[in-house]
Amino acid sequence: MEYEPVIGLEVHSQLKTKTKIFCSCSTSFGAAPNTHTCPVCLGMPGVLPVLNKKVVDFTLRMAVATHCEINRESRFARKNYFYPDLPKGYQISQYELPIAQNGSIEIELNGQKKRIGITRIHMEEDAGKLTHDPDRPLTMVDFNRTGVPLMEIVSEPDIRSPEEAGAYLRQLRSIVRYLGISDGNMEEGSFRCDANVSIRPRGSGPFGTRAELKNLNSFKHVEKAISFEINRQKEILEDGGQVVQETRLWNPDKNRSSSMRGKEEAHDYRYFPDPDLLPLVIDDDWIDSIKTAIPELPDEKKNRFMDEYTLPSYDAELLISSRELANYFEACMKAFPNPKQTSNWIMGSLLGLLNARGMSIAESPISPENLSQLLKLIDQKVISGKIAKTVFEEMAQTGRPAKEIVAEKGLVQVTDESAIKSAVLTVLQQCSTEVDDYKNGKTKLFGFFVGQVMKETKGKANPKIVNEILKDLLENE
Ligand code: ADP
Ligand code: MG
Ligand code: ZN
């Protein structure tokens, strides 16, 4: 029997506000434990939460960007449970009436486009952080994170493979980053994902029983954990067993998951509307102001790059992978509008350099103006492509403009035919044995001669002229 995986993701994205969702404590990361706390986020009696408007603004941006319906009236609810990182004994979240629902995003995998439905988006508060001492029977709690705003995005069970799950997550992350509402950093925990996985006989109707995978803190882990889960469920069904609904924990060191607990049901949490918070009402003006503030999103930018600059899909995809990189490319287009050549240098040399140094595009030692200047020098045949690589290295070290380096180091390309001819003659004299071999039919040696002439001219000879003169002298003498 052939099985088909069915996958739905729940993504928690930490919103980049300065203060927490229901109090004015700072959200900044890395402070001494329990210093960003107050009676509200510590859950003291008698305090009242006050909703941070920015959290709503940011969530609305996501709702608009993912084509969701926005509920004009939504509600906060209490999700009740005990855990030492949750001082109030309940988490304020949204339940029956989330801020947004019924949206979708488009993903692309191997050139195929596909829509993934978004069931709902809601706002909630984060819990604190527990640290277990490995040596002593001791657990420490840090409440700096309690009340940090989260946006939860729940997908429809529309995903059919680990790769699709990866593409969906990357697309979501790219959108939150473009919107400037979250860092989208999985390793640092500001972008977290739970994966729900079930399998069913391919093409058949009802879904199978799902397992929920937690602790997926990198794209690699998400894909690996889902693959593992699909195989685990296949084996159970093939042995005539039944999948049980449960929460499983992924262990990245062992490359396997283990059962954590039976799946809790919504009614276990005794959700009820939070009596401390009024219904959240959103009017047309608010939505309109959000719509006008939304920047060009990754998909639109990609399409525009393909149209306006006639770039292949691959190049456009890579260049729009962050807003900063796309801006860098467009700054280059202002200085030297040759899209494909610029894209090649960015994808090859520049990103290679930044990767090697662990730098972001914003930290690039080579400005868009300087990169364009270099490409212009190649285009005007002032320098050869080979010399350009040397100049690029120097620019990477010093951040100086291309022209300056070329002038100072005397790297201007030699196009003077008589100078090149004399270099060719020197080489042919030095390599008389090879010249004889060549004349006896070993024409493969042509490349060797070109190399020698380039060496003789320290790489500065125009290769096209070298080829012409060499051919002429070898064939006609
Ligand atoms: P819960 O909090 O109980 O996990 P949610 O509604 O927040 O419930 O999330 C359920 C997630 O599980 C959604 O992403 C949904 O698409 C997915 N899902 C629901 N049923 C299945 C199924 N049979 N197989 C795989 N995924 C499923
Ligand atoms: Mg869940
Ligand atoms: Zn506080």
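Whatever order the structure lists them in is the order used to number ligands and atoms, beginning at 1. As the structure is a prediction and not an experimental result, all values here were calculated from the model. Because only heavy atoms are used, hydrogens play no part in the values below, and waters and symmetry mates are left out as well, while side chains stay in.
Interface atoms of ligand 1 facing Glu212, defined by a heavy-atom separation under 4.0 Å, are 4 (O). Within the listing of ligand 1, atoms 14 (O) sit less than 4.0 angstrom from a heavy atom of Leu9. Every atom of ligand 1 with a heavy atom of Val154 under 4.0 Å away is listed here by number and element: 9 (O), 13 (C), 14 (O). Listed by atom number, the atoms of ligand 1 under 4.0 Å from Gly8 heavy atoms are 14 (O), 16 (O), 17 (C), 26 (N). The atoms of ligand 1 that sit less than 4.0 Å from any heavy atom of Val6 are 24 (N), 25 (C). Atoms of ligand 1 lying under 4.0 Å from at least one heavy atom of Ser155, given by number and element, are 13 (C), 14 (O), 15 (C), 16 (O).
There is a side-chain donor-acceptor pair under 3.5 Å between Ser313 and Lys302. Side-chain contact check for Asn196 and Arg210: at least one donor-acceptor pair (N or O, by modelled atom type) lies under 3.5 Å. Side-chain contact check for Thr119 and Glu156: at least one donor-acceptor pair (N or O, by modelled atom type) lies under 3.5 Å. Between Thr19 and Asn52, the side chains place a donor N or O and an acceptor N or O closer than 3.5 Å (distance only, hydrogens not considered).
Contact check on Lys20 versus Asp126 returns no salt bridge, with no Lys/Arg side-chain nitrogen under 4.0 Å from an Asp/Glu carboxylate oxygen.
Scanning Ile116, Thr119, Asn196 for the heavy atom closest to atom 12 (O) of ligand 1 points to Asn196. The heavy atom nearest to atom 23 (N) of ligand 1, out of those in Ala211, Gly117, Gly208, is found in Gly208. The nearest non-hydrogen atom to atom 10 (C) of ligand 1, considering only Glu156, Arg210, Glu152, Arg200, comes from Arg210.
Note on His36: not counted as a metal contact of the Zn ion (ligand 3), no N/O/S atom lying under 2.8 Å.
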Can you list the steps and then say if Gln233 with Glu229 is a side chain to side chain donor-acceptor pair (under 3.5 Å)? CA-CA 6 Å; Gln233 293 185 11; Glu229 184 58 22; 2.7 Å; yes
Before giving the answer on side-chain contact (heavy atoms from CB on, under 4.5 Å), spell out for Phe219 and Arg170 the whole-Å C-alpha distance, their side-chain angles and the decisive distance to 0.1 Å. CA-CA 8 Å; Phe219 285 98; Arg170 286 192 177 84; 3.4 Å; yes
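Looking at heavy atoms from C-beta onward, Tyr309 lies in side-chain contact with Arg304 at the 4.5 angstrom threshold.
Around the Zn ion (ligand 3), the angle linking Cys38 (SG) with Cys41 (SG) is 110°, rounded to 10 degrees.
Tested against Asp274 for a side-chain hydrogen bond (donor to acceptor under 3.5 Å, both in side chains), the candidates Lys79, Gln94, Arg78 yield a single pass: Arg78.
Ligand 1 has no N or O atom lying under 3.5 Å from any N or O atom of Thr209, backbone or side chain. By the 3.5 Å distance cut-off applied to N or O atoms, Pro157 is counted among the residues near ligand 1.
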